[in-house]
Amino acid sequence: MPATDITGEAMANSAIANCGWSFVVLMSRQGKIRLSEFFQSYTESEKRRILRDIGADILPRAPKMCNIVEKGTYKFVYRRYASLYFVVGVPLGLNELIVLEQIHLFVEALDGYFNSVCELDLVFSLHKSLLILFEMFIGGMLCESSKREVLKSIVEAEELVEEMTKPGEDTASQLDDGLSFQEQFQLGRTPGRRTGPAAGPGGRR
Amino acid sequence: MFEKTLTDVVKGIRASRRDTSLYISQCIAEIKAEINSSDMFVKANALQKLTFLQMMGYNMSWASFASIEVMSSPRFAHKRIGYLAACQGFTQDTDVILLTTNLLKKELRGGVYEAGLAVNCISNIVTEDLARDLLPELTGLTSHPQPYLRKKAILCLFKVFVKYPQGLRLTFARIQQCLEDPNPSVVSCAVNVITELSDKNPKNYLPLAPQFFKLLTTSSNNWMLIKVVKLLGSLVPEEPRLARKLLEPLADIVRNTKAKSLLFEAVHTITLCLPYCKRADGSMPANVPEIVTLCAETLQAFVNEADQNLKYLGLVGFGSLMQSHPQVLTTPAYRPIVLACLSDQDVTIRTRALGLLSGMASRRNLIELVTQLLKHVEQATGSYRYDLVSKIIDMCSSEKYALLPDFSWYLNVLFQLGHIQGLEAHAELLSSQIADVALRVLPVRRYAVGRSIEILLERNGVPSSDPFGDNGGTTNIMPEILPAVAWIVGEYSDLIRMCLADAEEGRLLERYKKSAYHSIVQACTATSNCDKLAASTQEVYLQTAIKVFAAATADPQAPEEELEDTYKTLRQNLPLYLRSTDVEVQERAFTSHALLVSLGLTGGGGGAMAALPVVNQTSDLLGMNSTEADITPIQPDPPLTGRSPGYRNAASVLNYTTKPGPMKPSSARSQKKKSQSPIGVDVSDIASVDISVFSSLLDGVSRFTPMEVSFTKQKETLLSEGRPPPARAIPGESMQVFDNSRFSGGADSAGFGAVSNVAATAGGSPMRHNDPFYLRTNDTTTTETQDIGQFGMIELTGVDGEETHNEKSKKKKKKKKQSKSDHQNTIAVGGFGVAVYDSDEEGEELTVGRQAKKPGKEFASLARVDLSEPLRHDEVMPERKHRTVPDNPPSERASKKEKKTKKEKKKRKKEKAEEAPAASGGIEGDLLGLGFESPMPVQSNPPMQTMPQSNFMAPAQAQPPPVASSNAVSDAFEDLLGLQPTTAPPQLPTPASQPTSFAPANYGQPFPVMGMNTAQAAPKPSKKEKKSKKEKKKKKSKA
C-alpha cells in the first residue's frame, strides 16, 4: 500500500491544488446565464451559491478593476466581452494570466466558429458553444491550444452530422450555419456546400 | 404535430418576458411528453431543449434515462445531443450512470469523433466504477494513431485517477511515454496531467525531473512551458538541490520572454525556489542576490503597470518573494508604490497590498506607515476596513511590540481607533491591547491612566478636548472598550494624583484637577449607567469606583470635602445597582456597599454605634426568621451627615481589600501561573492575611464583633425604620456568602479576615471575569469550568439513562458517540478530568478529520498513491480478466448487471408487460426479464462474428436468449442498453397506441455502432433507406 505518512503533507498540497478550471460561467450584464459548465462535481446548492456570488461580486465591478476576485478557496478570473462576462473559477494556485489567455482563446474559437460571435449566437446555439468548450477543455484542463485545430475538429464532426442527417430534413439547424465562407475555406471545406441538400439518401458509407 | 425546436423555445422565452416561468413550465410539460416519443428525432430534440433549460436552472434528473437512450442512438447528431445532456445533467449520484459503461466502452473503440464525445463525457461524469471499468480503453486511446484522441484521453485519465487512484500506478508508464510523443499538443497535455498529479504528491515525479528540465531549456511552447515551470516548482520542496539548478534557467526565461504569464510564472517559481537555495554548508549561491534583484525589479514593473491584473500579480509576487527575503520591501523605493495600491479602488488589490505592509514595516518607519494607514481607515469601508485595523494592530504588536518606538503614541492610536464608528468587531482586540500596554509598559502607565480618566469623564457627558480631535463632541468611544479603560483607572488609581499633576493646560483633566476622584466615582456610578451600559461594563465600573475611593482615601492631597462627596456619591448610587437584574452587578454593588458600611464610615461614629445594641438582639431574631432575612438586604440610606475621621483610617483596609497589590509587568509564563491559582491574586494564601492592616479599624471600633459587622445590623435598622426592601430575592446568593462568613467567623480577627476575604474574592473575581487583560486566560478557565459543569450534568443523566442509551445506540448511530462519552463520564466519577480529556481528544480527532476531508476531498486518495514502488503481481488492469477470459464473466460484473436489471425492471415494468408478448412469444417470462434488460445476454453469437471487438465487453452469455439469434442484424448495439431486439420489421407505432412505451422498433436501427468497420455496415443501406422512407411517411402522417 502507499505510504500513509505522506498523507498530511499531501493534504496540505491539495488545498492549493491547481487543477485547471473548476467551472466556467458566461453571464450577461443583466445576470442571465448564457452558458455554465462545472468541471468538478458540485452540489446544486453549491452551484447556486457560485452563480449568486458571480452576480454579486463580478457584475458590479468597474471596467478598470482587475479581473481577479479572490473567494476563499478559489478565485474568480473573468473577462468581459461587450455585455458578456466570461467567468472562470480556478483554484488559488493557478496562474491568473494563463486563465485569462485561456478565456480569450475560447472566445477566439467561438468567434472563429460563429464568425464574429455575439451574445445571441450563444443564446441560440448553446450546444455548439458547449461542444467547442469541450473540444478545448477536458475536465477543466486545456486540451488544444490552437484555435485552428479546434475549429477543424469541430467542423469535421459537423460534417459527420451532415452526412447522418435525414434527407429532406432541414440541415441548416444542425450545421455550422455561423461559419463564414472565408472560414470554411480556411478550414478546407468547399464554401457553399451547406446551402445545398445534405448528402444523398442513405447513411454513412 | 410539430415539436418546438430549441430555437423556438429560446425565441419563446425571449418573447414572453412577463411570465417566463409559465412558458418554461409549458415547455417542460411538452418535453416530458416528447421525451417518451418513439421517434428518436423527437426525443433528441426534446432532450436538447431540456439541456438548455437545465442551464437556466431547471431540473433534468428525471430525463437521465432518456439521455442514455439518445446517447446510444446510432446517429452522430443524436449522440452529440445525448452526450451533452449527460455531461450537463448527470451527477455522481445519477444511478443510470451504471448503464453507460458498455456504451462508453464501445464508443471509445469506435470512430474518432464518437470516441472524442465519449471522452468528453467521461471526464464530466466519471464515477469510481466507471473509472475502473474504462481505464483500459482510455489507456489504449493514449496510443491511438490520432493525436486528437491521444491528447483527450490523457487529460481524461487525470479525472479517472481522481476517482480511481489505483489506476495511476497501472498506467503511469504510459503517460510517461506520452512525454515523448511526436505531437506537441499531446506532450503538452501529458505535462498538464503530470503537473496536476505532482501537485498532489510531488515525491512520485522526482525521477521525471531531468526530462522536464530538458523541456524547460528546449521548448518554446509557452502554454507548456508554464506548466513545466510550475511542475518543477512543485518538485523543489522534495528535492532542494533542484532549486539551485533551476535558478539560472528561470532567470533566463525572466530576462527573455515576452509573455507576461510565463514571466510571472517564472518569477513566482523563483520565489518558491529561493528558500531552498541554501547549500548544505549554509552558504547561498553567488547569483542569488542578483536574481532577487531581478525578481524585485520585474515585480515592480508589474505593479507599475496600468493593467490592474498585472498590478495584482505583482503584489502577489512580492508577497511570495518576501517569504524568503523579508527585507526586500523595506527599501524606501517600494513604499510609495505599495501605499498607492492601498488607495486603489479595487478591493482585491487593496487587500493584497495590505498583506505586504507587515513586511515593509521597520522600527524607523512604523509611525509614519501607521499614520498613513489611519487615514485609509477613515475612508475604507466593509471588511477591508477591518483588515486594515487588524493589520495596524498586528504590525504594532508583533513580536512583543518589537517595532514600536513609542508606546504613548500607540495608545493614542488605539484610542483613536476606538472612537471610529463601525469598528465594533475589533473592540475586543482594541481593549485587550489597551489593557496590555497599560499593564506591561510601566513608563506609559501613567499616561494610560490619564487618557482613561479622560475617556471615562467624557463618557459622562463631559465634552473632551482630545488633541486628536476625534472624540470631541458627538462621537464617543465604543462601549466595548470601556471596561478596559475603567479597569486601568481602578487598577492604577494610585497614579491618579500623579496624572493630575501631569495634566496639561487646556486638557480635560486639568479642569477636574480639584475633584478628580469625585468626578471619576460619579462617572462610574452614575445612575444613567444602569440603562446605557452593558452589565459587564457596569461590573467593572463599580469595582473601579470603590478602588478609586480607596485611592482617594490614601491620597494625602485629596481634600476632606472631596472624600466626603465621593463617599456620599457612592452611598447614594450603590443601592441603585443593588436592584440590577444582573447578578454579577448586584453582587459587586452589594459587596462594595457592605464593605463601606462595615468600615463604619456611615457618617461619623455616633449613628452606627447607637444602633449596636439592637443589632445584637436582631441577629438572634434573624437567625430564627430567616425568610425575612433573605428578602431584606441592607439598609440603603444610613445617615450621611457628619464627617467621619475614619476616611483616612479606612484607607489601609480599603486599599488592602480592593486592590490586589501593585501588579508588575510579568512574563507570560508567570501570568499563566497566576491565572491558574484557584481563587484570585492575593487571596491565594489566606494564611498570610495581614491582620495588622485592620488594626486601626479594630482599635477604632473596638465594640464591633464580627456579628455586628455583618449586614444583619443593617437589616435591623431597616426593619426598625420599616422601609420596603429595595431589592428582593435575587441578592439571596450574595447574602449567603455573607451568612457563611458570619457563621464561620468565631474570633474577631478571623471574622474580619473572612469578611476581607470575601471582599477580596469579589475584588479578584471581577478581574478574572471582566478584565480585558485576563480575557484570554479567563475565557479558557470559564469554559473549562463550564465544561466540567456540563460533563457533570451529562454524567448524571448518563447514570440515569445509561442502559437506555446503550439500547438506543444500536438504533441511532448519532447517539452512539454521546453515549460513549457518557460512559466515560460515569466511569470517571471521581476524576472527571480524565473523562474531559478523553472527550476533548475525541473532539479534536473529529475536527482534524473534518479539516482533512474538506480541502483534500477527492484528491486525498490520489495523493496517497506511491509510484515509486514497482507494480505488484496483483496489480493489473481491472478489466484485463475480461479480455483474456472472455468466456467467463466475472461474478462481480454479473452482479452489477443484476443490479442494473433490478433497477430497470422497476422502471420498465409497464413496458415489459406490453412488450413481452410482442417481442417474442417463445421466451418464458423470467428469462425474458433478464434477456430483455441485461446487455450481455442480448448480445448473441452472430454479432460476435461480424464484430470481433464486441468480445471485450460481452463476456459469453450464460443463457443466450433465442430471440437474439433470430435477428442477427438488429441487435448489434442493443447490448448498450439491453434493449430488446425485435424480430419483426419495425412496426410504426402510432403515438396514440403507445404513447409512453419505449417502442423498441426504433432502436432496431439496422446499424452497428458508429465507427465500426464500414464493411460491417455495408449490407444494410437498403434497409436504412426503407427505414428513412418510413420515417418520412410517418412524419407526413403526423403532419
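In this text the structure is predicted, and so the values were computed from the model without any measurement. Chain letters run A, B, ... following the sequence lines, proteins first, then strands; residues in each count from 1.
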* To do: Pick one of side chain, backbone, both or neither for A:L133, based on which atoms fall under 4.5 Å of a heavy atom in chain B.
  => neither

* Structure fact -> Bottom line for B:I13: the part with an atom under 4.5 Å from chain A's heavy atoms is neither

* **Proximal component of A:L105, with respect to chain B [non-hydrogen, under 4.5 Å]** => side chain

* Structure fact -> Okay, A:E135 and chain B: the region with an atom under 4.5 Å from a heavy atom over there is both

* Contacting region of B:E265 [heavy-atom separation from chain A under 4.5 Å] -> both

* Structure fact -> Note: vs chain A, highest number of non-hydrogen pairs under 4.5 angstrom among B:K311, B:Q88, B:H268 is B:Q88

* **Minimum side-chain heavy-atom gap A:L142-B:L155 below 4.5 Å** => no

* Asked: A:H127 versus B:R80: any side-chain heavy-atom pair under 4.5 Å?
  -> no

* Structure fact -> Correct closest heavy-atom pair for B:F76 and A:A157 would be CE2-O, 3.3 Å

* Structure fact -> Taking every heavy atom of B:T348 against every heavy atom of A:V69, the minimum-distance pair comes out as OG1-CA, 4.3 Å

* Are the side chain of B:N124 and the backbone of A:G139 linked by a donor-acceptor contact shorter than 3.5 Å? -> no

* Using a strict cut-off of less than 4.0 Å between a Lys/Arg side-chain nitrogen and an Asp/Glu carboxylate oxygen, indicate whether A:R61 and B:D346 qualify as a salt bridge. => yes

* Structure fact -> Smallest heavy-atom separation, A:N95 atom then B:K230 atom, equals N-NZ, 4.1 Å

* **Interatomic distance, A:I138 atom CD1 to B:C121 atom SG [nearest 0.5 angstrom]** => 11.0 Å

* Asked: Do the side-chain N and O atoms of B:S185 and A:E149 include a donor-acceptor pair separated by under 3.5 angstrom?
  -> no

* Which residues in residues 50-60 of chain A have any heavy atom lying under 4.5 Å from a heavy atom of chain B? -> none

* **Closest non-hydrogen atom pair, A:C143 against B:C189** => O-SG, 3.4 Å

* Roughly how far, to the nearest 0.5 Å, is the SG atom of B:C87 from the CZ atom of A:F39? -> 9.5 Å

* Select one option (side chain, backbone, both, neither) describing which atoms of B:I349 are under 4.5 Å from chain A's heavy atoms. => side chain

* **Side chains of B:F264 and A:I98 in contact at under 4.5 Å (non-hydrogen atoms)** => no

* To do: Measure distances from B:L310 to the heavy atoms of chain A and classify the residue's part below 4.5 Å as side chain, backbone, both or neither.
  => side chain

* Asked: Which region of B:T91, side chain (C-beta onward) or backbone (N, CA, C, O), has a non-hydrogen atom less than 4.5 Å from a non-hydrogen atom of chain A, or is it both or neither?
  -> neither

* Minimum heavy-atom distance between A:K64 and B:Q308, given as atom pair plus value -> O-CG, 2.6 Å

* How far apart are the C-alpha atoms of A:V123 and B:R14, what are their side-chain angles, what is the distance that settles it, and do they pass the side chain to side chain contact (heavy atoms under 4.5 Å, CB included) test? -> CA-CA 10 Å; A:V123 173; B:R14 293 169 69 83; 4.2 Å; yes

* Asked: Would B:W223 and A:E101 satisfy side chain to side chain contact (heavy atoms under 4.5 Å, CB included), going step by step from the backbone distance to the final call?
  -> CA-CA 10 Å; B:W223 295 98; A:E101 295 201 21; 3.9 Å; yes

* Structure fact -> In this structure, CG of A:L97 is separated from CD1 of B:I226 (nearest 0.5 Å) by 8.0 Å

* Are side-chain heavy atoms of A:M141 and B:K227 found at a separation under 4.5 Å? -> no

* Which bit of B:F52 is near chain A, if near means a heavy-atom gap under 4.5 Å: side chain, backbone, both or neither? -> both

* Asked: When heavy-atom pairs shorter than 4.5 Å are enumerated against chain A, which of B:M224, B:Q54, B:M56, B:K11 gives the highest number?
  -> B:K11

* Tell me, out of B:V10, B:L6, B:I122, who's got the most heavy-atom pairs with chain A below 4.5 Å. => B:V10

* To do: Report yes or no: do B:Y113 and A:E158 form a side-chain donor-acceptor pair below 3.5 Å?
  => no

* Asked: Which answer fits A:R48, side chain, backbone, both or neither, if we ask what part of it has an atom under 4.5 Å from a heavy atom of chain B?
  -> neither

* Considering only heavy atoms and a distance below 4.5 Å, find which of B:V126, B:T7, B:L197 pairs most often with chain A. => B:T7

* To do: For the pair B:N309 (side chain) and A:C66 (backbone), establish whether a donor and an acceptor sit closer than 3.5 Å, ignoring hydrogens and angles.
  => no

* Polar side chain donor-acceptor pair, A:E70 to B:Y312, under 3.5 angstrom -> yes

* Asked: Given a strict heavy-atom distance threshold of 4.5 Å, which part of A:I68 is in contact with chain B: side chain, backbone, both, or neither?
  -> both

* **Gap between atom CD of B:Q146 and atom OG of A:S153 - 0.5 Å precision** => 10.5 Å

